[in-house]
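To start, the structure under review is shown below, and the notes come after it.
Labels below follow one simple rule: chain letters A, B, ... track the order of the sequence lines, proteins then strands, and each chain is numbered from 1. None of these values were measured; they are calculated from a predicted model.
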There are 4 protein chains.
Amino acid sequence: MDAMKLHIEPSSPDPIYRQIVGQITRMIAAGQCPPGTRLPSVREVAAAHAINPMTVSKAYAQLETQHLLERQRGKGMVVADRTQGVTSMEERLQALDPALRDLARQAQELALPVDQVIDALRKLMKDS
Amino acid sequence: MDAMKLHIEPSSPDPIYRQIVGQITRMIAAGQCPPGTRLPSVREVAAAHAINPMTVSKAYAQLETQHLLERQRGKGMVVADRTQGVTSMEERLQALDPALRDLARQAQELALPVDQVIDALRKLMKDS
Amino acid sequence: MDAMKLHIEPSSPDPIYRQIVGQITRMIAAGQCPPGTRLPSVREVAAAHAINPMTVSKAYAQLETQHLLERQRGKGMVVADRTQGVTSMEERLQALDPALRDLARQAQELALPVDQVIDALRKLMKDS
Amino acid sequence: MDAMKLHIEPSSPDPIYRQIVGQITRMIAAGQCPPGTRLPSVREVAAAHAINPMTVSKAYAQLETQHLLERQRGKGMVVADRTQGVTSMEERLQALDPALRDLARQAQELALPVDQVIDALRKLMKDS
DNA sequence: GTGGTCTAGACCACC
DNA sequence: GTGGTCTAGACCACG
């Protein structure tokens with residue numbers, strides 16, 4: 001149930017509602033949220049991250065428009081049944097591509113050796 | 001002279017002027033632009049990337065405020081002499097940290113195995 | 001330019017932003033707003049109808065999502081080029097169907113003779 | 001007895017309880033339900049249309065407040081005796097006005113010719 | 001309890 | 001000037 005934990009970066013240039021959309025989209029794509037999974041309520045998310053309910057609502061509404069989520073009257077949002085969101089590993093790697101390219105370019109601009117970057121990344125990914 | 005090539009991603013959530021500031025900051029930090037290096041003019045950059053000159057100007061102004069760039073009468077902007085911007089590799093790795101963490105989190109949300117991600121990254125960094 | 005006049009019914013059960021979406025959608029479907037037509041700015045619409053700019057913005061954002069409108073940086077919204085919104089008269093009659101059925105049912109519940117209703121409607125449509 | 005058949009459109013922007021109130025109001029206004037007519041019970045309506053009993057109850061309560069319905073111990077709701085709800089045809093035509101105006105405006109936005117709309121409406125009203 | 005809509009007003013990014 | 005995002009708080013519809 002709390003596999004649905006969200007991470008919000010308030011100082012990110014990426015707007016909060018889009019961060020939420022992105023995270024949920026990725027987790028559904030990876031099959032980490034099978035159809036029917038209940039999402040935390042708008043108010044829960046808002047309280048947990050000290051953000052405005054409307055911001056969360058905006059994210060949920062957008063995901064509903066994309067048919068990734070469904071609204072259950074009086075019960076909240078759940079992952080849609082026809083989860084056309086689930087994708088293969090190749091497609092998921094593709095979804096990661098922009099972030100990879102961004103990292104690679106920044107590393108190059110910082111003149112950092114490949115191995116240093118790889119090491120740092122591996123360490124971060126093991127921790128989580 | 002054209003070590004100063006900039007890469008702009010118009011569709012990025014990161015605003016354009018901040019992309020420019022970030023790139024130049026990183027390249028100066030890595031010592032890739034020794035003091036005195038001339039920057040392309042506002043108009044050149046604007047024309048090359050089909051963006052508004054004001055956007056470029058805003059970025060340059062911000063870098064001047066940070067004393068990373070200096071305005072030289074009739075010659076445009078150059079990298080500042082007292083380049084307090086150059087930093088050690090450790091500090092540069094730290095500068096990469098947000099991008100690394102973002103990538104790691106996205107990869108985890110996508111349920112991608114560490115090695116797949118590392119491979120993709122290594123490939124990208126070799127190419128460039 | 002002011003073919004784009006909007007009509008807002010604040011007391012309608014249909015939310016305001018949806019009224020706006022509906023009207024613009026219909027006018028585009030009917031080809032009344034050729035691609036490139038500029039829409040009144042968010043602030044203009046908000047001021048003209050004494051509603052909140054965010055309400056208008058929400059409508060525009062939704063139309064942008066449906067690719068009926070495009071955003072021109074700093075210049076406002078315009079009707080999209082690839083106006084896949086334009087439809088045949090048959091399809092437009094179909095779009096009118098819910099309103100027709102609603103009217104027919106209300107008339108029946110009110111036990112109003114067909115001709116009276118038709119007369120009233122004809123009169124209204126001539127006036128406009 | 002089943003002249004009191006209700007039609008519910010769950011996807012309508014008009015909330016369900018208001019649909020119920022509207023229909024019953026109109027039918028009483030037209031004299032289609034003489035005083036004393038029994039209404040289907042809250043449970044019957046709720047079951048028949050798969051809606052929440054509270055929604056039906058809310059509609060009935062509102063009609064009772066307007067003195068169009070009366071609660072009879074052990075017998076449920078009936079149409080009120082002093083049916084001040086019955087109105088002349090002129091008044092009933094006036095009650096239809098909002099729906100007529102809405103239809104006319106939509107038709108105009110869709111650039112549909114008057115005769116086409118009239119034809120479609122006449123066809124619908126004959127069928128029912 | 002759930003989400004939806006709206007307001008009033010602030011600040012940001014871009015042209 | 002344009003639209004976008006966010007906040008704080010209100011009220012509504014539905015279960």
What is the separation between atom CD on C/Gln72 and atom P on F/dT2, rounded to the nearest whole Å? 14 Å
Just call it for C/Ile51: base, sugar-phosphate, or nothing, with non-hydrogen atoms closer than 4.0 Å on any strand. sugar-phosphate
Classify B/Lys58 by what it touches in the nucleic acid, base, sugar-phosphate, or nothing, heavy-atom distance under 4.0 Å. nothing
Output yes when a side-chain donor or acceptor of B/Gln23 lies under 3.5 Å from a complementary backbone atom of B/His7, and no otherwise. yes
Can you identify which nucleotide, out of F/dT5, E/dC15, F/dT2, has its nearest atom closest to the C/Glu44 side chain? F/dT2
Would you mind reading off the distance between A/Glu70 atom CD and E/dT2 atom P, rounded to a whole angstrom? 19 Å
Without decimals, in angstroms, what is the distance between C/Asn52 CG and F/dA8 P? 16 Å
Side chain of A/Met54: nearest nucleotide among E/dT5, E/dG3, F/dC14? E/dT5
Within the side chain of D/Glu9, is there an N or O that forms a donor-acceptor pair under 3.5 Å with the backbone of D/Gln19? no
Roughly how many Å is it from CD in A/Glu64 to P in E/dT5, rounded to a whole number? 9 Å
OP1 or OP2 of E/dC14 sitting under 4.0 Å from any side-chain N/O of B/Tyr17? no
Between atom CG in C/Leu69 and atom C1' in F/dG4, what is the gap in whole Å? 16 Å
So what's E/dC14 paired with, Watson-Crick or G-U wobble, going by both distances under 3.5 Å? F/dG1
State whether the number of non-hydrogen atoms from other residues, nucleotides or ligands found under 6.0 Å of B/Arg101 atom CZ is greater than 12. no
Here's a test of your reading of the structure: between A/Lys75 and C/Ser41, which maps to the more 5' nucleotide of DNA chain F? C/Ser41
Any side-chain N or O of A/Arg18 less than 4.0 Å from the OP1 or OP2 oxygen of F/dT5? yes
Should A/Leu69 and A/Ile28 count as side-chain neighbours, where that means a heavy-atom distance under 4.5 Å? yes
In whole Å, what is the span from the CD atom of C/Gln62 to the P atom of F/dG4? 13 Å
Examine the base of E/dG1 for any acceptor or donor lying under 3.5 Å from a partner atom in the side chain of A/Arg43, and report the outcome as yes or no. no
On the nucleotide E/dC15, are OP1 or OP2 found under 4.0 Å from the side-chain N or O atoms that B/Thr55 carries? yes
Just the rounded figure in Å: distance from P of F/dG4 to OH of C/Tyr60. 11 Å
For F/dG4, take OP1 and OP2 only and decide whether either is under 4.0 Å from a side-chain N or O of C/Arg71. yes
Length of the line joining A/Ile20:CD1 and E/dG3:C1', which is rounded to integer Å: 15 Å
Side chain of A/Ser57 only, please: which of F/dA13, E/dA8, E/dG4 is the nearest? E/dG4
Under a 4.5 Å cut-off applied to non-hydrogen side-chain atoms, are A/Met54 and A/Lys58 in contact? no
